[in-house]
Visitor: 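Below are the structure tokens for one structure; questions will follow.
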Amino acid sequence: MTDQIQYRPATLLLHSGTERTPYGETSEAMFLTSGFVYDDAEQAEATFLGHVQHYQYSRFGNPTVAAFERRMAALEGAEACRATASGMAAVSSALLSHLKAGDRIVASRALFGSCHWIVSTLLPRYGVESVFVDGADRAAWEAALSVPTQCVLLETPSNPMLDIVDLRMVCELAHQAGAIVVVDNVFATPLLQKPLEFGADVVVYSCTKHIDGQGRVLGGAVLGRQAWIDETLQPFIRNTGPAMSPFNAWVLLKGMETLSLRVTAMTRSAETVAGFLAAAPGVSRVWYPSRADHPQSALAMRQMSDGGTLVAFEVAGGKPEAFAFMNALRLIAVSNNLGDSRSMVTHPATTTHMKIGAAERAALGITDGVIRLSVGLEDVRDLTDDLARGLAAIAAPGVAPLAAPPAAGLAAE
Ligand SMILES: *Cc1c(COP(=O)(O)O)cnc(C)c1O
């Protein structure tokens with residue numbers, strides 16, 4: 001592909017980053033190799049001196065992983081990308097490579113559970129001061145960033161309540177405090193939000209979610225400026241070893257080919273499902289970024305080109321009603337994963353956000369009635385039928401909402 005031509009995202013997802021071998025294969029080759037051989041001792045020496053470009057070892061770099069990194073960088077509009085074994089390897093590598101004892105990190109409170117643990121528990125163990133703020137509160141960001149700070153970590157929209165953080169505002173305050181801004185962009189996907197355009201320095205992904213999107217592999221990516229990736233991140237990854245497997249990189253390259261189609265279709269269905277839930281009796285509240293009833297919808301639509309594939313809602317009542325709803329579903333799976341082609345629901349208070357405790361959940365608005373729904377590729381009418389089945393089970397507890405067993409094809413899942 002000629003780099004001079006500016007292709008649009010759907011095209012980049014198919015063609016960017018590909019480097020054909022002399023065999024002229026259509027689909028990217030999969031280089032399942034841990035090491036590489038040199039023509040002679042001189043070439044090995046020159047490679048280690050950095051005088052020639054040659055793959056050395058797959059912990060440092062691998063051709064299939066590199067193709068995935070180039071495609072991710074092209075999609076994001078970033079100078080460089082490093083792929084990692086999981087989303088958490090991406091987040092922890094970005095933070096641990098940048099920070100040292102005596103530094104300070106400020107993070108929005110509404111973070112993915114493991115990201116929250118890294119900031120609240122792991123980093124202080126290494127002498128990094130960590131401060132949490134309410135991501136929607138400008139005054140809280142101003143106060144937290146009024147002293148020198150090295151790093152800001154935030155997620156927008158957040159998991160699970162789909163809170164929005166004003167990227168431009170936080171990036172300006174963070175840069176004045178001397179911090180780089182790391183944005184976990186998993187919920188928005190690289191298609192619906194480009195944090196670098198609002199001033200972010202580093203973007204991280206769990207590629208396990210929409211980028212694979214078909215429930216197969218774990219993966220992560222860190223994107224940013226070439227100098228930061230080369231000088232700060234790469235030495236950390238090279239020496240600590242959170243490298244992505246070339247097999248996973250190849251699966252993720254295949255996932256990217258359909259990313260735009262999937263995210264577009266899932267987003268349309270999510271919007272429909274959010275509308276259905278908002279009008280349904282038994283649902284007390286719905287959160288979806290592009291809906292006018294989202295408290296930050298104007299901000300969301302300044303930063304995102306669409307509402308995304310996730311919907312949060314609250315069933316009237318609490319845990320018993322939420323569980324009755326989830327247990328009555330026949331199509332939508334109970335799973336804490338998200339961004340998959342199959343729709344999934346989770347009850348954050350008892351799963352993903354159980355460990356943060358009741359007080360922190362209350363601060364985040366995660367009540368016992370809140371359910372997170374990741375909308376997949378099923379026919380949206382089958383999804384709303386299934387949601388209606390769940391709501392009927394709350395209205396009539398103990399009554400089996402569906403007498404017929406699930407269809408054979410579904411039972412096989
Ligand atoms: C899933 C997820 C992660 C962690 O990614 P893994 O691939 O599971 O390690 C981090 N942040 C967000 C927002 C996520 O949804």
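Because the structure is a prediction, the values reported are computed rather than measured. First listed ligand is number 1; within each ligand, the first listed atom is number 1.
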Visitor: Is there any side-chain hydrogen bond (donor to acceptor under 3.5 Å, both in side chains) pair reaching into residues 238-248, and which pairs are they, with sequence neighbours excluded?
Guide: none
Visitor: Can you tell me how far CD1 of I118 sits from OG of S130, rounded to the nearest 0.5 angstrom?
Guide: 11.5 Å
Visitor: I'd like to know if R342 pairs up with E378 as an ion pair, taking the criterion as any Lys NZ or Arg NE/NH1/NH2 lying under 4.0 Å from an Asp or Glu carboxylate oxygen.
Guide: no
Visitor: For Y55, check ring pair (Phe, Tyr, Trp, His ring centres under 6.0 Å) against everything at least two apart and list the hits.
Guide: F36
Visitor: Report each N/O pair between ligand 1 and the protein that falls under 3.5 Å, naming both atoms.
Guide:
unit_1   : atom_1 : unit_2 : atom_2 : d
ligand 1 : 5 (O)  : S206   : OG     : 3.0
ligand 1 : 7 (O)  : G87    : N      : 2.8
ligand 1 : 7 (O)  : S206   : OG     : 2.7
ligand 1 : 7 (O)  : T208   : OG1    : 2.6
ligand 1 : 9 (O)  : G87    : N      : 3.0
ligand 1 : 9 (O)  : M88    : N      : 2.8
ligand 1 : 11 (N) : D184   : OD2    : 2.7
ligand 1 : 15 (O) : K209   : NZ     : 2.7

Visitor: Establish, yes or no, whether a centroid distance under 6.0 Å links the rings of H116 and F132.
Guide: yes
Visitor: Which residues pass the salt bridge (charged side-chain N to carboxylate O under 4.0 Å, His left out) test with R361, not counting sequence neighbours?
Guide: none
